[in-house]
Amino acid sequence: MMKFKPALLAGILSLACGSGAAKTIEVSQGYGLDFRTQTYTRQSTVVNGQTVAYRAYENIVYVANPVDSAYQTINIYIPEAYFNGGSINGYTAQTAPIFLPNQIGGYMPAKAGVPGKGGFGPSKEGQVDAMQVALARGYVVASPSARGRTAATGKAPAAIVDLKAAVRYLRFNDAVMAGDAEKIISNGTSAGGALSVLLGASGNQADYEPYLQQLGAAPAKDHIFAVSAYCPISILDHADAAYEWQFNGVNDYQKMDISMIDYHVERKLVNGTLTNEQIQISGSLKAQFPAYVNSLRLRDPQGRALRLDAQGNGSFKNYVASFLRRSAQSQLDAGKDLSSRNWLTIRNGKVSAVDFAAYARATGRQKTPPAFDALDLSSGENQLFGTATTDKQHFTAFSYQHRANAQATLADPQTVKLMNPMHYISRHIAPQHWRIRVGTADSDTSLAIAAILTAKLQNSGKRVDFALPWDVPHSGDYDLDELFDWMDKTVRQPRG
């Protein structure tokens, strides 16, 4: 039998026979929220030659009143050891952290993950994914599905609301399922990385409450313990300016075309060269970026102001370049020959300078300006900010003013705010631990986005592990040993 947490025994009695909110929701709405009613199958996986047995609770609807029950479900996987008093990696049924990986890409609808069947990590035979590693490490795995932009009910802020509802389900059932809901760690890549960041930044924020109540989300809080984010496509309303700050002057591109086929995000590259009009747009957007950066009043770890002059140069640019320099230096220290990288100045085995413009040219442009709020409403983000009746909308003043279609509309500012973590990051948000990774070969968004998030979080007193893995493209879950080492370290640190 499950060994319940003694301190929360009262919560079990409340679920079973109390007269509180839990009972009211289950009686009055279409779906119950009591985890104990769920059935499971016994399954196993092999990680590093060791068999890990677990119970699979799948396709659980995590809200009482779903609008799309196919995409408002969660799969929960619990190591079998926790049902007989066992332990894994020092964790027990009471203390096991909960790993919360989402499968979201391109802000598209995403099904809940299944161990060994998907995600953004390695897919070669014999390699394991993040959920398999998590189970082997003793984590409870809870992978939520979420609505996405291609559905009328999946427009912003649907995906983040769904992830919050999933967290509330886990917290609501903390007393009656294995795992410690005070140690939920989110993980995501690309748009999923952005939503992982947003989930951490916006815990318990009142702005989302009306949406959660409408769905019949469990009466619980939705803050989490820690955040892992790979290449987050974030700060969307300033991402166009950030992209042109980095890639202005790079006129050839390989544009990524994203589509959904059989529930999987498919990507293909389309080659081209910017038109004169697009080059002019790039310059206009680049010129906007310094004012935004300066308005944030960011500081580096030494307390120095991070700023840009009108030409886009300054301490913030040096700050971004410092992460590139650090990544390159790690390769030199490992014996790698970097003499072909013409954007690096290397003297006596040390990286002494980074030519940021040359780096941008070497990496290559992947998107045409505006990169996210397309003037012709052709981007996935335009669809994200649509409504149930208007499939695509602009979400920045610049693109709306320069729109290709005079009938195109502008998204509600409050909806845009709900998708930007910068409005919510403060000393008062719960997660103290953040891990952000963006590969040096990633040109899906500007490095400035992750750098801004890092500085803002650090300035708010958070512990941020930010790095640019060498030559890694737009991807995630490629360093699972390092990821879970970091997770183990954070959950074992004294609270407070």
Side-chain angles (χ1 to χ4, degrees), residues 104-109 147-160 190-191 194-195 233-248 250-261 265-289 291-292 365-420 443-446 449:
I104 299 166
Y107 289 100
M108 304 282 272
R147 292 168 291 163
R149 60 179 170 86
T150 55
T153 60
K155 309 300 186 182
I160 185 60
S190 191
L195 288 163
I233 304 298
S234 188
I235 318 181
L236 293 173
D237 40 333
H238 295 281
D240 290 332
Y243 199 85
E244 299 313 318
W245 170 77
Q246 179 167 331
F247 289 103
N248 179 254
V250 180
N251 296 334
D252 293 330
Y253 62 84
Q254 283 190 320
K255 189 174 183 179
M256 187 70 71
D257 181 47
I258 300 177
S259 59
M260 176 72 83
I261 300 176
V265 176
E266 298 288 338
R267 296 175 171 87
K268 64 179 181 180
L269 291 173
V270 179
N271 295 326
T273 301
L274 298 186
T275 65
N276 289 335
E277 181 182 5
Q278 288 171 327
I279 292 172
Q280 184 176 2
I281 291 169
S282 173
S284 297
L285 286 168
K286 176 187 176 183
Q288 291 185 351
F289 192 58
Y292 173 63
R365 171 188 286 273
Q366 189 172 303
K367 296 182 177 180
T368 57
F372 299 93
D373 189 355
L375 303 187
D376 61 357
L377 297 176
S378 61
S379 79
E381 287 75 18
N382 290 130
Q383 192 174 45
L384 171 67
F385 286 104
T387 68
T389 55
T390 302
D391 187 46
K392 300 176 180 180
Q393 292 192 120
H394 291 294
F395 54 93
T396 65
F398 180 91
S399 290
Y400 180 67
Q401 292 166 2
H402 296 84
R403 62 193 183 277
N405 183 350
Q407 277 67 54
T409 52
L410 185 63
D412 171 46
Q414 177 65 10
T415 302
V416 178
K417 175 188 175 184
L418 291 172
M419 299 303 293
N420 187 341
S443 57
D444 203 80
T445 194
S446 172
I449 295 299

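By convention here, the first residue in the shown sequence is residue 1.
- For the atom pair CD of Gln393 and OH of Tyr400, the computed distance is 9.5 Å after rounding to the nearest 0.5 Å.
- For the side chain to side chain donor-acceptor pair (under 3.5 Å) test, residues two or more places apart in sequence or in another chain that qualify with Ser379 are Asn382.
- At least one side-chain heavy atom of Tyr107 sits less than 4.5 Å from a side-chain heavy atom of Leu195.
- Counting only heavy atoms from C-beta outward, the side chains of Leu236 and Leu384 approach each other to under 4.5 Å.
- Remark: Phe385 pairs with Phe395 by the ring pair (Phe, Tyr, Trp, His ring centres under 6.0 Å) rule, at least two apart or across chains.
- Distance CD/Glu381 to OG/Ser399: 11.0 Å, rounded to 0.5 Å.
- The shortest distance between side-chain heavy atoms of Arg149 and Met108 falls below 4.5 Å.
- Between Leu377 and Lys392, the shortest heavy-atom contact is O-CD, 3.0 Å.
- From Ser443, atom OG reaches atom CZ of Phe247 across 5.0 Å, with rounding to the nearest 0.5 Å.
- Residue Ala191 comes nearest to Ile233 through the heavy atom pair N-CG1, 4.0 Å, listed as atom of the first residue, atom of the second, then distance.
- Contact check for Ile160 versus Met419: side-chain heavy atoms found under the 4.5 Å cut-off.
- Contacts of Glu277 classified as side chain to side chain donor-acceptor pair (under 3.5 Å), with partners at least two apart in sequence or in another chain: none.
- Partners of Lys286 according to the salt bridge (Lys or Arg N to Asp or Glu O under 4.0 Å) rule, which considers only residues two or more places apart in sequence or in another chain, do not exist here.
- At a threshold of 4.5 Å between non-hydrogen side-chain atoms, the residues Leu375 and Arg403 do not count as touching.
- The backbone N or O of Arg365 lies less than 3.5 Å from no partner atom in the side chain of Tyr243, so there is not a single donor-acceptor pair.
- Contact record, Ser282 with Glu244: OG-OE1, 2.6 Å, taken as the closest heavy-atom pair.
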task = May I have the step-by-step check of side-chain contact (heavy atoms from CB on, under 4.5 Å) for Asn248 and Phe289, ending in yes or no?
result = CA-CA 12 Å; Asn248 179 254; Phe289 192 58; over 6 Å; no
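- For Asn271, the CG atom is densely surrounded, since the number of other residues' heavy atoms within 6.0 Å is greater than 12.
- In this structure, the side chains of Thr396 and His238 stay at 4.5 Å or more apart for every pair of heavy atoms.
- In this structure Lys417 satisfies the side-chain contact (heavy atoms from CB on, under 4.5 Å) test together with Asp207, Gln414, His423, Tyr424, sequence neighbours excluded.
- The side chain to side chain donor-acceptor pair (under 3.5 Å) check on Thr273 picks up Asp252, with sequence neighbours excluded.
- A side chain to side chain donor-acceptor pair (under 3.5 Å) with Lys155 is found for exactly one of Asp391, Thr415, Thr150, namely Asp391.
- Gln278 approaches Thr275 most closely through the heavy-atom pair OE1-N, 2.9 Å.
- Side-chain contact between Phe398 and Leu285 is present, with heavy atoms from C-beta onward closer than 4.5 Å.
- Note that the CZ atom of Arg147 and the CD1 atom of Ile104 stand 11.0 Å from one another [nearest 0.5 Å].
- Residues Asp240 and Pro369 have side chains not in contact (no heavy-atom distance under 4.5 Å, counting atoms from C-beta outward).
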